[in-house]
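What follows is a set of notes on a single structure, which appears directly below.
Every heavy atom of this structure was used, including side-chain atoms; hydrogens, water molecules and symmetry mates were not.
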Amino acid sequence: GVALAIEFRREPNSSLVGLGIGGAVAINLCGGGALAAYLAFGDLSLSTEGKIVLWILAAVVVGLGLVELVANLSGRRPSR
């Protein structure tokens with residue numbers, strides 16, 4: 001989230017480049033996918049409420065990554 005906020009507010013000629021939008025998309029998709037795979041195939045001893053919260057978190061992170069990917073591929077940035 002912080003890297004994405006820095007990238008969004010960064011001026012084109014700024015020296016603070018960092019991760020970039022592509023890296024933020026990759027991290028969100030990989031992180032959300034890894035969490036979903038761990039929840040689906042891992043032998044976890046979590047409460048039902050805990051599993052629900054983690055599934056929601058995985059869905060939000062993957063969804064955010066997909067929205068970022070679509071916005072990046074369409075060449076448009078969200079309005080400020």
* To do: Dump the intermediate steps for side-chain contact (heavy atoms from CB on, under 4.5 Å) on Leu54 and Leu46, then the final yes or no.
  => CA-CA 10 Å; Leu54 290 176; Leu46 296 173; 3.6 Å; yes
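- To the nearest 0.5 Å, atoms OH (Tyr38) and CG (Leu35) are separated by 10.0 Å.
- A continuous path of hydrophobic side-chain contacts links Val25 to Leu66 [ILVMFWY only; heavy atoms under 4.5 Å].
- A continuous path of hydrophobic side-chain contacts links Leu57 to Leu39 [ILVMFWY only; heavy atoms under 4.5 Å].
- The structure places CG of Leu44 at 6.5 Å from NZ of Lys51, a figure rounded to the nearest 0.5 Å.
- For the atom pair Leu64 CG and Leu29 CG, the distance stands at 9.0 Å (nearest 0.5 Å).
- Residues Val60 and Ile52 share a single hydrophobic cluster, defined by chaining ILVMFWY side chains whose heavy atoms lie under 4.5 Å apart.
- Annotation for Gly32 and Ala58: closest pair O-CB, 3.9 Å, computed over non-hydrogen atoms.
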